Amino acid sequence: MLVVDGSRAHRAMIRIHLTRAGYEVAEADTGEAALEFCQTRWPDVVMSDWVMAGMTGPQLCQHLRAAGRNAYVFFILLCVKDQPADIAFGLEAGADEFLTKPCSAAELLARLRAGIRILRLQDETHRANQRLKQTLSALRAAQVAMDRDLNEARRLQQGLIGERQAKFGDFDVSNLLSPAGHVGGDLTGSFAINARRFGVFAIDVSGHGVAAALLTARLATQFSHSVDQNAALFINDLGLYDSRPPSVLARYLNHLMLADLRVDTYFTMVYAVIDQSNGQVTLVQAGHPHPLLQRADGSVEVIGQGGLPIGVVEDAQYDEVTLTLEPGDRLLIASDGVWDATNAAGQMLGEEGMRAIFQTNQLNRGQAFVEAMSWSVLAFAGGRQQDDVSAVLIERQRAP
């Protein structure tokens, strides 16, 4: 504690009161001497007379405040002035407390104890802020690491769909996968069954984020390009690779979800088997939005009856739908992130919007079509991607 006063007698009186109360006291007879003292020892409390030779008490306070030290000094002005204007002037200079001279020992110590309580609160606040900064720094480091891992997970998940475009004879398959976050629960893809047929799948796991992405990765193994791992494939009596009927695969995956994985989630799916020789498509729709068939003349048909999602009801039955893709036809299987996109007025894109996208992009083919559809959905939703967006487009080329 530093007492600054031009009167030796007054300094001595204050020092006696403070020393008896257990405080360590230093003295200075001018403001300049006080500043010199503060260069080597920064006091917790400065008690200064207002009127002194040379620098005044308010000027000393201003110099200390301008020093920019991290540690706060509690400044008490001793004065014979007690007018509101004088008090306002002292406060503007940075003073924390006023004592009118002469002051009693009881008042002096009471004001001092109040100041020390404030200093302790400030110290606690400072320490809390330091701990908060350290915690925030650790959180930032963790966030950087998490973002790095999630970006890597996003890259790996994008790799699950394999090639964006695939070709099976006269058929082209184009994939779109755009998670709402770093990773998502949608998955699309295709694989060869044998020389004559190929399979196409679209999956949408309930929920979002890492949990959905982990289940998606697990399901991706069920549609692996590796024949030994692909649940859709088997070797028939002739020793040739063949595909299980889509409805059988749906029942198998439903049992897998409920009996083996035992997770509190489900997924929707469309799985289709396409015969390249005649364009016949056999598909199962398990809770996924309706596939849309656009004929070569531009007309659009809604396919399927809906069906139950996978992993909801044990022994659920799944019906198959059969159709034929003629040259120039195309079949789009899009997730609910496309169908349920909502604009500012609360209106969903729905079937009407999907038909409009087909009409607007009738001349676009392959990847150009699915990307244009993605931009249309984003524009409809006001630039906000509200859900994972995925789609797979199967097109049969026109005869040359």
Side-chain angles (χ1 to χ4, degrees), residues 1-138 140-141:
M1 181 177 305
L2 178 62
V3 177
V4 187
D5 198 308
S7 170
R8 179 181 298 176
H10 198 254
R11 292 200 309 272
M13 180 191 70
I14 294 177
R15 185 183 68 250
I16 291 171
H17 291 322
L18 297 179
T19 303
R20 286 176 179 175
Y23 296 104
E24 181 183 348
V25 182
E27 300 179 29
D29 59 353
T30 65
E32 290 79 5
L35 289 178
E36 185 176 350
F37 174 87
C38 291
Q39 290 178 358
T40 56
R41 294 181 62 190
W42 188 257
D44 295 323
V45 179
V46 172
M47 191 175 297
S48 173
D49 193 11
W50 186 305
V51 179
M52 296 181 293
M55 186 181 298
T56 65
Q59 289 173 334
L60 171 61
C61 184
Q62 289 174 329
H63 279 286
L64 293 177
R65 296 291 183 238
R69 294 288 189 95
N70 289 331
Y72 188 79
V73 59
F74 193 83
F75 200 96
I76 302 175
L77 271 176
L78 302 171
C79 57
V80 295
K81 305 178 180 183
D82 59 358
Q83 298 300 314
D86 298 326
I87 294 175
F89 181 81
L91 289 172
E92 290 178 359
D96 299 292
E97 187 58 275
F98 293 86
L99 278 174
T100 303
K101 297 169 60 175
C103 59
S104 67
E107 183 180 9
L108 172 65
L109 295 175
R111 298 291 179 90
L112 187 57
R113 282 192 292 269
I116 291 175
R117 285 196 298 272
I118 293 174
L119 289 176
R120 286 175 179 169
L121 288 173
Q122 289 174 334
D123 287 343
E124 291 174 3
T125 301
H126 177 72
R127 288 193 294 271
N129 285 336
Q130 290 300 111
R131 291 194 297 269
L132 181 59
K133 288 179 181 178
Q134 293 172 358
T135 301
L136 287 175
S137 178
R140 290 191 191 100

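Computed from a prediction, not measured in an experiment: that's the story for all the values here. Note that the numbering runs from 1 along the sequence shown for the chain.
Judged as a side-chain contact (heavy atoms from CB on, under 4.5 Å), and not counting sequence neighbours, the contacts of Q130 are H126, K133. With sequence neighbours left out, the side-chain contact (heavy atoms from CB on, under 4.5 Å) criterion links Q39 to no other residue. Residues forming a side-chain contact (heavy atoms from CB on, under 4.5 Å) with T125 (at least two apart in sequence, or on another chain): N129. Partners of D44 according to the salt bridge (charged side-chain N to carboxylate O under 4.0 Å, His left out) rule, which considers only residues two or more places apart in sequence or in another chain, do not exist here. A search for side-chain hydrogen bond (donor to acceptor under 3.5 Å, both in side chains) contacts involving T56 returns Q59, not counting sequence neighbours. With sequence neighbours excluded, the residues forming a side-chain hydrogen bond (donor to acceptor under 3.5 Å, both in side chains) with E107 are R111, listed by chain and number.
How far CZ of R127 is from CG of L132: 15.0 Å, rounded to the nearest 0.5 Å. To the nearest 0.5 Å, atoms CG (L64) and CH2 (W42) are separated by 5.0 Å. Note that the CG atom of L108 and the CG atom of L78 stand 8.0 Å from one another [nearest 0.5 Å].
Here the closest non-hydrogen pair linking P43 and V73 is O-CG2, 3.6 Å. What you find for V4 and G31 is that their closest heavy atoms are CG1-N, 4.2 Å.
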Please list every donor-acceptor pair under 3.5 Å in which a side-chain atom of residues 19-29 meets a protein atom from a residue at least two apart or in another chain.
from	atom 1	to	atom 2	distance (Å)
T19	OG1	R15	O	2.7
E24	OE2	R41	NH2	3.0
E27	OE1	R11	NE	3.0
E27	OE2	R15	NH1	2.1

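Salt bridge annotation for R8-D49: absent, with no cationic side-chain nitrogen under 4.0 angstrom from a carboxylate oxygen.
Side-chain contact check for L77 versus C61: every heavy-atom pair is 4.5 Å or farther apart.
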* Worked verdict on R65 versus D96 for salt bridge (charged side-chain N to carboxylate O under 4.0 Å, His left out) -> CA-CA 11 Å; R65 296 291 183 238; D96 299 292; 2.8 Å; yes
